[in-house]
Structure formats: C-alpha cells, structure tokens
Amino acid sequence: MELNVNGELVMLPKEMSIKEFLVQKNVYSEYVVVELNGEIISKQKHASTLLRKNDTIEILKLVCGG
Amino acid sequence: MKNLETNKFYNLDHFKKLISVEDRAELENNAQLAHYLTVLNFGKTLTLYTPLYLSNYCTNGCLYCGFNKIISLKRQKLSKKEIKEEGLKIYQKGIRNILLVSGEDDINSDVEYFNTAILTLKKMFSSVAIEVKAMSLNEYKALKKNGLDCVTIYQETYSREIYKKVHPFGAKADYDFRYTSAERICEAGIRSLNLGILLGLNKWENDAVNLAEHLLYLSGKYPDTEFSVSFPRIRKNNANFNSLYDVSDIDLVKIIISFRLFMPKLGIAISTRENEDFRNSIIPLGVTKMSIGSKTHVGKDEGHEQFSISDKRDVDVFRSYLQDKAGYNPVFQAWN
Amino acid sequence: MNGDLSIAGFNFKNRLFLGTGKFSSNSIMKKTVEESLCEVVTVAVRRIDFSNNENIVSDLPEKIKLLPNTSGARNAEEAIRIAKLARAAGYGDWIKLEVINDSKYLFPDNYQTIKAAEVLVKLGFVVLPYINPDLTVSRAIMNAGASAIMPLGAPIGSNRGLKMKELIKIIINEIKLPIIVDAGIGCPSDACEAMEIGAAACLVDTAIATSNDPVKMAKAFVNAVNAGREAYLAGIPSQEINFARPSSPLTGFLYAQN
C-alpha cells in the first residue's frame, strides 16, 4: 500500500497503526510529532490510529536550530 | 524632558534665548537640563573655598565697594604672621582652597606682598587664588611661579558708560586694562580664571551676554584654561550704594541655568552674599563652587566689611547640609 | 524573584538565550548549553531522518526551557502549522515566530508575523515573534498578546555592530514587553550594547556555534550580557533617558508663597 511519508513514496505491506509503523522504522514514539493528512495525531492516539492507502504522513522532531 | 540640543552649546544666540525665557514650565525644563549637564560634568559635588582678606588699603573709588577710598575705616593689612594665623584657622576648618582678597594700593599691597602671601599659604592650601587689582603679564607670571593657580577678576560691568560712572578714579577706572587682564592671566599660564559681573550696575541681560561673549572669545583662544563665572548681586554695605537695576531671584536663576547650558564645563561660583535658603536651592542648578565660613573684613575689624555676608553658616554646618540633606559631596581639594 | 527575567510565568536568571543551530557537533552544543548555564534554547522542527535516532532534547539539561521556532515558514499559515507541530512534541507551548520570505536579506515578514501572532495567541501559544524592528509593528504584536518581542539587531551577515540600535531603543522605551535582541549579535560587546540600552535578553547562535571554542565564547557572552544588564540597571549617565529626574521641581522655590 502506497503512502507519502515525509514527502517520499513508501510501500507498506499492510495497514498498520502509526505506532507500529514507527517501531518498524526504529523511531521512538515519544519524541516525534506525527501529522497525518494535515492533522496532528497526539502520541496517545499513535497506537489506535491506522495508516491507510494514499495517506500523507509527516513525521517530525525537534532538532538543533537557531 | 526636552532633549539637550548639544549643537547649541557655545552659541551666543541660543544664550540670548535662554536668558529671555519667561514661561515657568520652560524655565523648569531648562533647569532640569542644566542639572543633568552639571551632574554629568561635575558629579554631585560642590567645591568649597574661603576668602581671606589681606588688606583693605585702597586707592580706587568704586562706588559700590565697602573699601572705597573715600570711606572712613581703619585701613590695615595682615602681616605675614597674621596671614599664616588666619590661614591656619581656615585650614583647620577643613578648607583647602583659599581666595586672597585685597584692595588696590601699590604701597601697602604690592605684588611682593601678594607673593609672600601666596608662598606662605601654598604650604597649607592646595589651591591659592587671588582677587586683587589688575596686573601686567610679568606680574601674573611671577605670581604663578610662586604657586598661584587661580585668578578672580570681574569686569563688574561691560558697559563703558556705567563702568566710568561707578569707577570715578583710581587705576581701576581704566576699563581696557581691566578688560585685557583676562588675556594676560591666560597668557601667563595660570590654570584657572574666574570672571564676573556685578549684578545691579547694568541691565543684567546686557552684562550677561557680554560676559558670555567674553568667555566664548577667551575659551576659544585659551583652550587649556579653566573658566568659571560669578554674578554677585549688589548688597547694602558701608558704601551706601543703591543698585541701579533690580535683579530678582528668578533673574539670577536664569543666569545660572543659561551659563550652564551655554558652556557645560564652566565653573559657576556663588559667594555668601546670597542667603542660606537661596544658596541651598540653587546648588542643583549648575553651581560648582561656593565660598563658606567667610568674613569680608580684614583681621578683627568687624563692621567694616567689603560686602555684608548673608549666609553665615560654619564650614561644618554647610558640609553637613551638603552631605546629609542635599546629597552632594563637598570637595575641599580640587586637585593635588 | 528580583532581577529575573519573567516571561509568561517563567523566571530566568540568565539573559543569554542560546540558539542550537550550526554547532559542529551535538556534543559540543550540549556542553555549551550546560557550561554557559543558559536557560532558554531555540530548536527547530524538521522531518526526522530515519537513519538518525538522536533526540537532542533528551540530551539537554532538564530545566531548560525549549523555544521551538517556525523556521522554514514563509507566510503566516505555514508558521501556524509549524507552531502546532512544535507544540505537539510535548515540550510546552512557547514558540519563536519566524516568518522569512526574503532570501536576499533574510528579513522577517513583519506583516505575516503579525497575522500569525494573532492566531497563535488565540490558540494558547506563548508567542515570541522575531521582527524587523518597527514600532508600529511592535504595537500590533503587543496588542495581539505576544509575550515578548524579538527585533533583529542587524541584518544577518552585516558587519559588526548593532545596526538597528536606535530603532530597538525606541521599541524598548515604548513597548512594555521584554525585548529580546536576536540576530546580528556578532560578538559579546554587541550583546553588552543591546543590554545597555535596556534589552531584556539576547539570543545568540552563530557567533557562539561557529567560534573556535563555543563553550568559552558562550561564557564570554554571558559575562557581556550581565555587564550590559548591570550597567543598564545602574543607569548609564551619558544616556539621558536613564537620568533620574529630581523628584521635585528645581525652580519651584522661586514661586513659593511665604
């Protein structure tokens, strides 16, 4: 299933929750911000929110910057 | 607070405007600016000095002066011993700036006499100033060699007409010699020069402007001389001279403020002719030097003063006032 | 606390705010923050790099106040989006509002900044907008409810000196908000200068991060900020505006009734 992750096309084998996706990518849920189809998904909802075909997801974090 | 127009310093036209201020609020505003400038340039300090009258022998006929030749009084002068004693009395009060005053009499108080006085007192006082007759360049140079660092000489009035009237005879009648003394004093390299006008002789506005102009000229020509000004108001004394013009407190305040805003680093000296309350009130307006603990007669001859003293406070009382009430640091020694 | 800088209920003793960008390594950045005792650092919001697990935030001292910025935003809408994302990271609702669409001078877009500030304040953010110093803009931002104003000290990349000093002075004198000078502070004396005229704090990034010894430079900046602040509080005599006016009129005595 095709998804747009951080501006890139990504193939996922099946539907999965945001949490599962992050775990798969070795990303810790605690410090990222997830925006799914333009909407911010809070950390508490990562486990219960499913990624679907053609979703656009932005995964961001706080980094060094002036 | 209106901003300081620094480009108006040393500007005679601006000075004329300053002395013409009528509006109270504008005067207050100028007072605040003058206060600010004074504190910036001098800090909250006041230099104190005491006059010592050496001799009341005088060959001049100045109508306004208590030592005028035609006045009957016991003429006397201090001996070297007396100069030392009187000097010591002043020194013991804490004063370190002394002003030697004398009438003009070439027999009794010649340049040698002044030299002796200066040499005697220079041992005690860090600054010895004189207020005596107008002298030649060489005479000023000689006195400077002996430790003279400041000369006070007032033109009294810049109006030749009035000057002639109030100086009917004597060497002082020579307006030009008097006027050019200022330059000779600067030429001689004497560190500081105190000029002045005697308020009441002329319309004060006219003399103030002339004094400002004189200062402008001198400070331009002699940039290393320190200048200060005084504006004593004529007071009743044994001369029984009546002021030709009235000079109110407001007028004197305008003069002080205007000179401060005219020349930010100009010294402004006020004597004990003015009363205690008035002197207290004008300190923040730009005054940098005040005499205290004065007596204006020679030796023990009270009652025959050059002018009558109004502020009779003791040095300690005045010092207390400055430190405890006014928040000003009394300066006894201006330099080492 | 006396002497502390207070913004939105937080009190800071250290008036040097640190930008975390451009450091040669995260460990140096971390050391700089620790040893300078800075209490506020700016961070940015970026897409994660899946190959890099680093979380700089967890590296920073716990008491640090994070100030995420909206860098990358070219208009109000983008800034608002980034602010929301930053807040969602869970480190508080402070945001340094930065809207830049000028690639030549990198001047912030004051107009878009006002627009974004109005929205973000209503959304409950503690907004610290970065602006090109302008009194009218500052008033609008203050009225919108911002918690501070961050005027740039000089155009980025300009030569040494607080080029915007006079304008910043005016804003400090007219706007009752902490004024935090940002950008264009190239050396400690610039920071000292900003504090002397009454700035509440300075934000410094490049001058520290790109120096040969950022830790040392950060400490130098802290000293400079403290020096400038103390001088300001003492009242620099040559700055007329600081002069303590006499409490009663100086010429009142002339008219006193007897």
Side-chain angles (χ1 to χ4, degrees), chain A, chain C residues 17-26 28-30 32-33 41-60 66-72 81-92 96 98 106 130 156 182-183 185 203-210:
Chain A
M1 142 185 116
E2 235 177 52
L3 285 175
N4 187 313
V5 179
N6 282 355
E8 284 180 23
L9 274 177
V10 161
M11 294 296 290
L12 280 190
K14 61 178 171 80
E15 276 188 3
M16 59 175 77
S17 71
I18 291 174
K19 175 113 195 226
E20 284 170 311
F21 175 73
L22 290 174
V23 165
Q24 201 193 85
K25 285 287 194 177
N26 249 327
V27 173
Y28 297 118
S29 196
E30 296 78 47
Y31 60 90
V32 296
V33 178
V34 175
E35 190 193 51
L36 179 60
N37 299 325
E39 213 185 287
I40 297 174
I41 312 294
S42 68
K43 286 171 209 185
Q44 300 92 306
K45 300 225 175 90
H46 285 186
S48 55
T49 307
L50 286 177
L51 294 172
R52 299 205 156 88
K53 188 170 136 170
N54 292 327
D55 274 345
T56 300
I57 181 168
E58 293 279 347
I59 305 171
L60 313 110
K61 68 178 182 184
L62 297 181
V63 301
C64 289
Chain C
F17 291 4
L18 201 55
T20 55
K22 300 182 192 150
F23 280 84
S24 50
S25 76
N26 274 351
I28 291 179
M29 184 275 292
K30 182 181 165 211
T32 304
V33 174
V41 301
T42 60
V43 290
V45 180
R46 292 282 180 272
R47 285 170 169 169
I48 68 167
D49 174 0
F50 287 104
S51 61
N52 177 359
N53 263 334
E54 239 183 353
N55 177 19
I56 54 124
V57 178
S58 56
D59 281 347
L60 294 172
L66 285 188
L67 180 56
N69 63 31
T70 62
S71 74
R81 174 180 169 251
I82 296 173
K84 288 178 182 170
L85 289 167
R87 180 157 66 175
Y91 294 100
K96 182 193 161 192
E98 205 179 289
L106 301 178
Y130 169 62
I156 295 168
D182 184 12
I185 297 177
L203 173 58
V204 181
D205 189 350
T206 310
I208 292 172
T210 63

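Quick note on labels: first sequence line is chain A, next is B, and so on, each numbered from 1.
Using a 4.5 Å cut-off between heavy atoms, C:Asn26 contacts chain A through its side chain alone, with no backbone atom that close. A:Ile40 touches chain C through its side chain: at least one heavy atom from C-beta onward sits under 4.5 Å away, while N, CA, C and O do not. Neither the backbone nor the side chain of C:Leu67 comes within contact range of chain A; no heavy atoms are under 4.5 Å apart. Heavy-atom distances place no part of C:Lys22 under 4.5 Å from chain A, backbone and side chain included. Of the atoms belonging to A:Val34, not a single heavy atom falls under 4.5 Å from chain C. At a 4.5 Å heavy-atom cutoff, C:Phe23 makes no contact with chain A through either its backbone or its side chain.
Closest non-hydrogen pair, A:Leu62 versus C:Ile56, comes out as O-CG1, 3.6 Å. Scanning all heavy atoms of the two residues, the minimum distance from C:Ile48 to A:Val32 falls at CG2-CG1, 4.0 Å. The minimum heavy-atom distance between A:Cys64 and C:Met29, with the atom names listed, is SG-CE, 3.4 Å.
Using a 4.5 Å cut-off on side-chain heavy atoms (C-beta onward), C:Val57 and A:Tyr31 make no contact. Inter-residue side-chain proximity for C:Arg47 and A:Glu8 is flagged as unmet; no heavy-atom pair is nearer than 4.5 Å.
Contact count versus chain A (heavy atoms, under 4.5 Å) is highest, among C:Asn69, C:Asp205, C:Leu85, C:Val45, for C:Leu85.
Here the side chain of A:Lys61 pairs no donor or acceptor atom with the backbone of C:Ala89 at under 3.5 angstrom. A:Ser42 places no side-chain N or O within 3.5 Å of a backbone atom of C:Ala88 that could act as its donor or acceptor partner.
Residue-environment remark: NZ (A:Lys19) stays at or below the threshold of 12 foreign heavy atoms within 6.0 Å.
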- Going through the distances and angles, do A:Asn26 and C:Phe50 end up as a side chain to side chain contact (heavy atoms under 4.5 Å, CB included)? CA-CA 8 Å; A:Asn26 249 327; C:Phe50 287 104; over 6 Å; no
